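Let me begin by presenting the structure, written as structure tokens, before commenting on it.
Values below: every heavy atom of this structure, side chains too, minus hydrogens, waters and symmetry copies. Bear in mind the structure is a predicted one, so any value in this text is a computation, not a measurement.
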Amino acid sequence: MANSIEVVDWNGVIGRALAFLCLSQADMRDKKLSEQAQFLEGLGLPRREAAALLGTTAASISELIRQAKQGNRSRGKKKKNR
């Protein structure tokens, strides 16, 4: 029987663990999911990976970010009723 050595690439696991630690150290764990996802994307994680780390889906993160951007626009000047 031949010895077979299984090679495991741990880079992905290490990268996700470091991203989570950065999120915690930046005191982002109590922020909105959209803010946390944008932070993780800024670190270089793809949206799918950031969503998995946050326990949600990439589509959900995309929608939350879209709503946050739309909400910022609607918070501008309000029309006065005459």
To the closest 0.5 Å, what do you measure between [atom1] ([X]) and [atom2] ([Y])?
{"X": "R47", "Y": "L40", "atom1": "CZ", "atom2": "CG", "value": "11.5 Å"}
{"X": "L23", "Y": "E35", "atom1": "CG", "atom2": "CD", "value": "11.0 Å"}
{"X": "Q25", "Y": "D27", "atom1": "CD", "atom2": "CG", "value": "7.5 Å"}
{"X": "Q38", "Y": "K69", "atom1": "CD", "atom2": "NZ", "value": "6.5 Å"}
{"X": "M28", "Y": "Q36", "atom1": "CE", "atom2": "CD", "value": "6.0 Å"}

Exercise. So which heavy atom on A26 is nearest to which on F39, and how close?
Worked result: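 So the two residues come closest at CB-CZ, 3.8 Å.
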For this session: Heavy atoms only: give me the nearest A51-T57 pair and the separation to one decimal.
Result: CB-C, 3.3 Å
When you compare the side chain of [Y] with that of [X], does any pair of heavy atoms fall below 4.5 Å?
{"X": "L54", "Y": "R29", "result": "yes"}
{"X": "E41", "Y": "L45", "result": "no"}
{"X": "K32", "Y": "L64", "result": "no"}
{"X": "I61", "Y": "S34", "result": "no"}

Problem set entry | For E63, all residues meeting salt bridge (charged side-chain N to carboxylate O under 4.0 Å, His left out), sequence neighbours excluded |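 Once residues adjacent in sequence are excluded, the partners of E63 under the salt bridge (charged side-chain N to carboxylate O under 4.0 Å, His left out) criterion are R66.
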Exercise. Of all residues at least two apart in sequence or in a different chain, which pass the salt bridge (charged side-chain N to carboxylate O under 4.0 Å, His left out) check with R48?
Worked result: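 R48: no salt bridge (charged side-chain N to carboxylate O under 4.0 Å, His left out) contacts found.
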